[in-house]
Protein chains: 2
Amino acid sequence: MSFAQLPIPTDGLKRSFSERQEFMTENTPASMHFHVVSGGARLFKSLPDGRRQIIGFAHRGDVLPGYPCARYPYSAEAMRGVQVTCVPTPVIHHLHDTSPGACAASLQSACHLLVGMHSRLLMLGRQTARERLAAFLIGQGTRMGTHELKPVDPALSRADIADFLGLTTETVSRLLSTFHREKLISRERRAIHILDPDRLRAIVATPE
Amino acid sequence: MSFAQLPIPTDGLKRSFSERQEFMTENTPASMHFHVVSGGARLFKSLPDGRRQIIGFAHRGDVLPGYPCARYPYSAEAMRGVQVTCVPTPVIHHLHDTSPGACAASLQSACHLLVGMHSRLLMLGRQTARERLAAFLIGQGTRMGTHELKPVDPALSRADIADFLGLTTETVSRLLSTFHREKLISRERRAIHILDPDRLRAIVATPE
DNA sequence: CGGGGGATTGATTTTTTTCAACTAGCGTGG
DNA sequence: CCACGCTAGTTGAAAAAAATCAATCCCCCG
């Protein structure tokens, strides 16, 4: 998932966060936006009892939350480490007010996100665990316009995948084993390599 | 769910569609935007085998899809009848280019949608059937800033509710019966009246 | 050479779906 | 005006999907 890519002034306060550090908290006042310079972050919402849904992942170039809002709609936590430049919200607003292009760019990226969300609603609401995992692998592999599918980022734990797909780690693990047995993927350490994109794609929209 | 509310020129082509008529089809070129004048529409995505996820509902004042996109990200179908004014996509673009306010307004409404989507991801991915239905009833009742909770729109069938929540009609029906037994709601015909908002709200974020 | 966290696997339970029967309105046409 | 038939809704029983509970396993790191 790619997030807002704005022409951000680079003179903002630069900060670093280490593995698992939460640097943005759901529902707190959105005083800053975070422009990811390096590393990655997981974006998630939680329920009071700890259940967690990963909304997306942020990478170099993404801005969080990247669109106007009074409070952060989700939390963000560093995967490995992450470097960000912090941009005060008023600066973003000022940017929108003065530069006509900035507003249009934000709108553009918000719409891109929105369209992706629609697909994820369909996935979470109506697809089976097997279909969801196949879709996830394809989606991850497709990041970057490369023709060949890339392996899944080893920074993602099984729990991350599970929380992204609305499943448990056990279910994810079992399905990965099944896919492995079916020679759709190979696994080395955490990295998952896609062996048969076509057959994976066929799974995504097929009942059995 | 409320959709984009833009200052649309009212001189567009006015059209009417009757119950169940699909007037916007997922993945076809987005040549028109539809400004809902009266009635309502269900917005949905489908899988090849017929599984359906309702993305949202559109009412008077909403614009579909309301944000720039080359192809419609979902389909729209009339509930009861619906009256719309059709606005060619280029007009929308022109509006964004010329009026700075228009672009900001679109961004605003896109963000509002986006924030709602995040919550729905959490709901579909991590909440139980019971919690989802309770959330839905609260959400429907809260439409309009009224303090009192309104009954659920009788134009919504059980299938609509199920497809919105990622459940089956049977599950929805059973849960509604349970809620009725627990005196949380009352039913007359299709309309569902909320009797105990507080207890319903308590269900939303609680594991039993 | 342990120790520990994540991952995998297995057995069992729970939740939800599926399949099936039945019921209640509602509109239509005899 | 009433009976028929249709569609939507409800309910029950059985099946399936996924979660939960419980053992290991496997690296990686100290």
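The basis for the numbers below is simple: all heavy atoms, side chains too, and nothing from hydrogens, waters or symmetry mates. Each chain gets a letter, A, B and so on, in the order the sequences are listed, and its residues count up from 1.
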Inset, instruction - Taking only the side-chain nitrogens and oxygens of A/Thr171, find out if one of them lies under 4.0 Å from OP1 or OP2 of D/dA19. - result: yes

Legend entry - Protein-nucleotide distance (B/Leu175, atom CG; C/dT14, atom P), rounded to Å: 18 Å

Legend entry - Length of the CG-P vector between A/Asp49 and D/dT20, whole Å: 10 Å

Legend entry - B/Arg158 side-chain proximity, nearest of D/dT20, D/dT10, D/dA18: D/dT10

Inset, instruction - Look at the side chain of A/Arg189 and decide which nucleotide, out of C/dT18, D/dC28, C/dT16, has an atom nearest to it. - result: D/dC28

Inset, instruction - Would you indicate whether B/Arg15, at its atom CZ, is surrounded by more than 12 heavy atoms from other residues, nucleotides or ligands within a distance under 6.0 Å? - result: no

Legend entry - B/Met79 CE to D/dA8 P, straight-line distance once rounded to whole Å: 15 Å

Legend entry - Value in whole Å for how far the P atom of D/dA17 lies from CZ of A/Arg126: 15 Å

Inset, instruction - Give the nucleotide from the list D/dT10, D/dA18, C/dT8 with an atom nearest to the side chain of A/Ser177. - result: C/dT8

Legend entry - B/Arg52 to B/Phe44 six-membered ring, cation-pi geometry met (6.0 Å, 45°): yes

Inset, instruction - In whole angstrom, give the distance that lies between atom NE2 of B/His180 and atom P of D/dG9. - result: 16 Å

Legend entry - Closest listed nucleotide, where the reference is the side chain of B/Glu170 and the choices are D/dC27, D/dA18, C/dT18: C/dT18

Inset, instruction - Return the value, rounded to whole Å, for the distance between atom CD of B/Glu19 and atom P of D/dT7. - result: 14 Å

Inset, instruction - Indicate, with a heavy-atom threshold strictly under 4.0 Å, whether B/Arg20 touches base, sugar-phosphate, or nothing. - result: sugar-phosphate

Legend entry - Pair of N/O donor and acceptor under 3.5 Å linking D/dT20 base with A/Arg174 side chain: yes

Legend entry - A/Leu165 side, atom CG; A/Glu131 side, atom CD - distance, nearest 0.5 Å: 12.0 Å

Legend entry - Phosphate OP1/OP2 of D/dG9 contacted by B/Arg190 side-chain N/O (<4.0 Å): yes

Legend entry - Separation of B/Leu64 CG from B/His33 NE2 (nearest 0.5 Å): 9.5 Å

Inset, instruction - Mind checking B/Arg181 for me? I need base, sugar-phosphate or nothing, with any heavy atom below 4.0 Å counting as a touch. - result: nothing

Inset, instruction - Identify whether any heavy atom of A/Ser173 sits under 4.0 Å from a base atom; if not, whether one sits that close to sugar-phosphate; answer base, sugar-phosphate or nothing. - result: base

Inset, instruction - Quickly work out the B/Leu156 CG to D/dA8 P distance and round it to whole Å. - result: 14 Å

Legend entry - Distance in angstrom units between A/Leu167 CG and D/dT20 C1', rounded: 14 Å

Inset, instruction - Check every strand shown and say whether B/Arg187 touches a base, only sugar-phosphate, or nothing at a heavy-atom separation below 4.0 Å. - result: sugar-phosphate

Inset, instruction - Check the pair A/Val63 / A/Val36 against side chain to side chain contact (heavy atoms under 4.5 Å, CB included), numbers first and verdict last. - result: CA-CA 6 Å; A/Val63 180; A/Val36 178; over 6 Å; no

